[in-house]
Every structure is written in structure tokens, then in C-alpha cells.
Protein chains: 2
Amino acid sequence: MSPYDPSAHPPFAVTVDLVVLTVRRHALCALAVRRGESPYQGQWALPGGFVRTDENLAEAAARELAEETGLRAQQSAGTSPAGTPGPYGGSNGAHLEQLATYGDPDRDPRMRVVSVAHLVLAPDLPAPRAGGDASGARWAPIDDLLQPEQSAPLAFDHARILADGVERARSKIEYSSLATAFCPAEFTVGELRRVYEAVWGVALDPRNFHRKVTGTPGFLVPTGGTTTRQGGRPAQLFRAGGATLLNPPMLRPEV
Amino acid sequence: MSPYDPSAHPPFAVTVDLVVLTVRRHALCALAVRRGESPYQGQWALPGGFVRTDENLAEAAARELAEETGLRAQQSAGTSPAGTPGPYGGSNGAHLEQLATYGDPDRDPRMRVVSVAHLVLAPDLPAPRAGGDASGARWAPIDDLLQPEQSAPLAFDHARILADGVERARSKIEYSSLATAFCPAEFTVGELRRVYEAVWGVALDPRNFHRKVTGTPGFLVPTGGTTTRQGGRPAQLFRAGGATLLNPPMLRPEV
DNA sequence: TTAATAGTGTCTCTTAGACATTATGTG
DNA sequence: CACATAATGTCTAAGAGACACTATTAA
């Protein structure tokens with residue numbers, strides 16, 4: 001480092017942006033807010049906001065999440081990739097983890113902004129509430145946001161951020177029990193399988209999937225209850241177990 | 001976001017910190033620099049420095065890396081986790097990727113500093129050259145840095161950052177060909193195996209390892225040459241192939 | 001020669017993947 | 001009844017792990 005001289009390094013604004021993912025009607029969806037002001041006025045963007053002086057990055061992300069959706073965040077052992085998170089699902093809070101940081105000099109035309117993106121995985125939620133200066137908010141299938149044909153593309157570099165978040169979710173459910181973060185506190189094996197199918201965009205064999213997840217120690221904990229909310233024969237209800245590492249990983253079919 | 005008002009959000013300093021890893025004498029080592037000034041004067045720290053106005057985060061990390069080690073960086077498709085990197089090893093540049101961002105309000109007593117940590121994997125290098133304001137630099141086994149018995153712990157939150165970087169490297173070599181980034185441009189199967197053994201701290205069966213890496217299409221490309229630099233029977237030399245995803249992953253023994 | 005590492009072969013056991021069958025609810 | 005989904009079972013091919021053996025150099 002160069003000798004400490006505050007005037008020697010320029011001021012940055014630091015924001016958090018949120019990639020909030022959920023599974024709705026068999027499709028992976030992300031939360032988008034409509035920008036009420038310039039630049040990119042009227043276009044869709046990821047929710048986010050400035051980090052305050054007295055809060056750390058994860059707190060800022062959790063605060064923005066609460067402001068936009070009312071969701072409580074369940075932080076994954078700080079923002080660190082090496083943390084030892086508790087069980088992903090089974091609680092009322094959404095899973096939150098740091099994703100990546102974006103700091104190209106011209107990513108915001110107003111000033112130099114470094115954005116620390118966070119990834120949130122949540123069960124299917126009621127319609128989002130518009131918060132702050134956003135004149136609207138919606139859940140949109142990620143394909144609609146990444147390859148928009150009707151509307152304008154996402155503001156700033158948010159398409160890139162969203163793509164990175166989706167890729168993180170897709171790869172991480174392969175070797176962790178993170179997929180349970182998309183499920184409510186109690187869920188069936190079939191519901192969990194539909195999460196994998198929606199996130200990966202593939203069809204999985206229900207019989208092999210059932211054998212796999214119920215045979216992995218610590219992955220699922222039966223609650224004793226059953227449900228018929230999916231129709232057909234009553235299915236056992238499970239909570240997410242403590243195991244967060246799937247060994248061997250859940251294998252994604254090759255196309 | 002709240003309406004744009006530069007006075008409404010506080011100024012931050014943004015730095016990059018580097019976790020530079022290499023394998024020396026069968027041990028995973030990290031680059032540490034001695035701080036020449038307060039705070040933490042005289043203690044060891046990770047190399048790093050302030051991000052300049054005209055550069056993005058990866059450029060800042062590559063510049064600091066060159067200043068501290070003379071290494072050229074081989075960026076992994078930007079800083080994004082979703083990038084499609086080229087072959088990891090086989091070139092002269094070190095592998096560089098964004099690790100995570102650390103922004104606790106009190107992590108630097110002088111001012112609010114948000115640090116975007118980067119991970120660098122490099123082949124065994126000559127002794128580092130001290131650069132900038134660092135009054136010394138060395139390669140140290142990571143255990144010495146993380147559980148120091150003789151000296152003071154790493155400055156700031158750098159122990160946490162280093163631990164996160166090590167964990168990232170340990171997990172990523174399992175399902176990618178990233179381990180070749182620790183090797184020189186041409187290397188033998190035995191040399192690659194010693195990388196895995198040093199990073200994971202385990203012993204691997206040389207015969208099964210050989211079958212695994214040579215049997216994975218696109219992982220290794222024979223150069224035609226041989227070497228006896230490890231002693232014993234001459235070994236074939238390989239370059240890193242283009243395949244970056246190991247399917248199935250390289251399995252780490254359970255201790 | 002010994003000592004070192006490189007490289008190939010063989011066996012077993014686990015498991016992913018494909019697919020059949022039975023179980024238990026609702027309309 | 002038909003029809004949905006849940007849950008368990010069977011078979012096969014592939015691969016991980018354990019381990020024996022041969023090959024080729026240097027000292």
C-alpha cells in the first residue's frame with residue numbers, strides 16, 4: 001500500500017444489490033423493481049441501495065431485503081464462502097449470502113459506485129410490495145429478465161449480476177442442501193424435486209431422486225406429518241437436516 | 001434506492017487485498033508482507049492497496065500483484081463466478097479470481113474501508129520482492145499465518161480473508177482443473193498429485209490418481225516431452241487441457 | 001545392485017441411471 | 001372406477017478405492 005493519505009485515494013459510493021430468487025409455477029423467478037428516476041428511468045433493475053456508515057455489508061443487504069419484500073434474512077455465517085452455515089431451509093428466514101462485487105468505473109454514469117451483490121433464496125412468496133423509490137416490483141422468470149423481448153434490458157450491469165446469481169444457485173444446489181432454501185419450512189420430496197427441476201430446467205427421475213435424498217444422512221428430517229396438497233397419495237413431510245454438504249453431489253443431467 | 005443525493009451516503013475507501021497461494025516444499029503457502037506503518041505496524045498482512053479511479057477491481061488486483069511479485073495475472077473471465085475461464089494452467093500468468101468483499105465498519109481503525117479480496121494461485125516462485133511500503137515479504141505456510149505461535153496474528157481481518165481463500169482453493173480444485181494453476185506450464189502427473197496432496201493435506205493413491213486425471217477427457221494434454229526432475233523413471237510432461245469442469249469431481253478422502 | 005518414481009492391470013464394492021411395481025389418496 | 005402422486009424394488013453398467021506388478025531412470 002502507499003502511505004496513508006486520505007486525499008490520495010478517491011471516494012467511492014458502496015451499494016448492495018440483491019438477486020432474490022424463488023420458484024413460482026415451475027419456473028425460476030427473480031425479484032425486479034422498476035426504476036422511478038434517471039438513469040434508466042422506467043426500466044427494471046435489481047433491488048438495492050446504499051450501505052450506511054454503521055452497518056456491515058450483510059446487514060445492509062438484509063435491511064434492503066426487508067424494505068423490499070418484508071423477508072427476514074437468514075445469514076449464511078456472515079458473508080464468507082468458508083462459513084459453516086446452519087441448515088438452509090426449515091426456518092422462516094430466507095437464505096442470504098454474498099455473491100460478488102462489481103466495480104467497473106463506468107457502471108453508474110453518476111459516480112463511481114462499487115456494488116456488493118448478494119444472493120437471496122426464498123420460498124414462493126406473496127406478491128412483492130413496492131418499497132422506497134421503486135414505482136413497482138414484480139417476480140419475473142429469469143429468462144424474461146435476461147433476454148427481454150418486450151421490454152428494455154435490466155438497468156446498469158444488473159443482467160450480468162443476475163446471471164451470476166443464477167449460475168451460483170444452479171451450481172450450489174448440486175453439492176449442498178441449499179435447494180431446501182426454496183422450500184417452505186415443511187415440504188415433501190416431490191416438492192424438493194420440483195425445485196431442482198425448475199432451477200436446472202431438467203426433468204429428474206422421481207424414484208432415483210427419492211432414493212438419493214432420503215438416503216443421504218442428515219439431508220432430510222421427517223416431521224411425521226403428511227400432506228396431499230400435491231394430489232395423489234399422501235406424502236411425508238420433511239424439514240431440512242443439518243447436513244449442508246452433499247457427498248456425492250446431486251448430479252445434473254447433461255442437457 | 002433513495003433519491004440520488006451524494007451527501008446522503010458516506011464516502012468509502014475501496015481496496016483490493018490479495019490471497020496469493022502457492023505450493024512450496026509440499027506445503028500450501030501464502031504471500032505475506034510486513035506492515036511498515038501504523039496500524040498493526042510490524043505485523044504481517046496480506047498484500048493489497050487502494051483501487052484507483054480509472055481501473056476496475058480486477059485491474060487493481062492485477063496491478064497490486066505485479067507490484068508485489070512481478071507476476072502477470074491471468075484473469076478468470078472477469079471477476080465473475082459465472083465466467084467461462086480458459087485453461088487454468090499452462091500459461092505464464094497466475095490465476096486470479098475475485099474472492100469476497102469485507103466491509104465491517106470497524107475493520108480499519110482509520111476510516112471506512114471496503115476491501116474486495118482476490119485469490120491468486122501461482123506456481124512455485126522465487127523469493128518475493130518487497131514492494132511499495134512493505135518492509136518485507138515472504139512465503140509462509142498457511143498454518144503459520146493462521147495459528148501463529150511465534151509472531152503476532154495477521155493484521156486487520158486478514159486471517160479471516162486468508163482462511164476464506166484457502167477454503168475456496170481447497171473446494172475448487174475438487175470440481176475443476178484449477179490445481180494446474182499451481183503447476184508450471186509443463187508438469188508431470190506426480191507433480192500435479194503433490195499439489196492436491198499439499199492443498200488438501202492428504203495422501204492420494206498415485207495409481208488411482210494417474211488413472212483418474214489421464215482418463216478425464218480434456219484435462220491433460222501430453223506435450224510429448226519427459227522429465228526426470230523428480231527422480232526415478234522419466235515421467236511424461238503435460239499441459240493443462242481446456243476442460244475446466246471435472247465430472248465426476250476429484251474426491252477428497254475423508255481424513 | 002538399490003532406491004526412487006512412473007505407469008499399467010485387476011479385483012471388489014458402491015452407486016448412478018433406467019425402469020417395474022405397489023400404495024394411497026381425490027374426483 | 002380412473003387418475004394422480006408417493007414410495008420401494010430390481011437390474012446393469014460405470015467408477016472409486018485397494019492393491020500387485022512391471023518399467024526406467026540415477027547413484
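To find a chain, count down the sequence lines: A is the first, B the second, and so on, and within it residues start at 1. Values in this document were obtained by computation on a predicted structure and should not be read as measured data. Side chains included, hydrogens not; waters and symmetry mates left out as well; all remaining heavy atoms used.
Regarding A:Phe187, its CZ atom lies at a distance of 18 Å from the C1' atom of D:dT5, rounded to whole Å. Across the protein-nucleic acid pair, B:Leu237 atom CG and C:dT5 atom C1' stand 14 Å apart, rounded to whole Å. We find that CZ of A:Phe209 is positioned 17 Å from P of C:dT15, with the value rounded to whole Å. Atom CZ of B:Arg194 is separated from atom P of C:dA4 by 13 Å (rounded to the nearest Å). Counting to the nearest Å, the P atom of C:dT5 and the CG atom of B:Leu204 are 15 Å from each other. In this structure, B:Arg252 atom CZ and D:dG17 atom C1' are separated by 18 Å, rounded to whole Å. Rounded to an integer number of Å, the gap from CZ of A:Arg193 to C1' of D:dA7 is 12 Å. If you measure from atom CG of A:Asn208 to atom C1' of D:dG9, you get 11 Å, rounded to the nearest angstrom.
At the heavy-atom level, B:Pro248 lies under 4.0 Å from the strands shown only through sugar-phosphate atoms.
Shown here for A:Leu119 and A:Ala169, the closest heavy-atom pair between the two residues is CD2-N, 4.3 Å. Contact between A:Leu21 and A:Ala30 at its shortest, heavy atoms only, is CD2-CB, 3.8 Å.
Proximity of residues 216-234 of chain A to DNA chain C (heavy atom under 4.0 angstrom from any strand atom) is restricted to A:Gly232, A:Arg233, A:Pro234.
Residue pairs meeting the salt bridge (charged side-chain N to carboxylate O under 4.0 Å, His left out) criterion with at least one partner in residues 212-233 of chain B, sequence neighbours excluded, are B:Glu191-B:Arg229.
Nearer to the 5' terminus of DNA chain C, by closest-nucleotide assignment, is the contact made by B:Gly190 (compared with the other of A:Asp205 and B:Gly190).
Contact annotation: A:Arg207 side-chain N/O to D:dT5 OP1/OP2 distance is not under 4.0 Å. Regarding contacts with the backbone of D:dA16, a side-chain N or O of B:Lys212 is found under 4.0 angstrom from either OP1 or OP2. For C:dA6, neither phosphate oxygen OP1 nor OP2 lies less than 4.0 angstrom from any side-chain nitrogen or oxygen of B:Arg211. In this structure, B:His210 does not reach the C:dA6 phosphate: none of its side-chain N or O atoms is under 4.0 Å from OP1 or OP2.
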Residues B:Tyr102, B:Asp164; criterion side-chain hydrogen bond (donor to acceptor under 3.5 Å, both in side chains); working and verdict: CA-CA 11 Å; B:Tyr102 301 81; B:Asp164 289 348; 2.5 Å; yes
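You'll find the side chain of A:Val116 reaches within 4.5 Å of the side chain of A:Gln98, heavy atoms only. Annotation: side chain of B:Leu28 is in contact with side chain of B:Phe182 (closest heavy-atom distance under 4.5 Å).
Both the sub-6.0 Å distance and the 45° axial angle are not jointly satisfied by B:Arg25 relative to the ring of B:Trp139.
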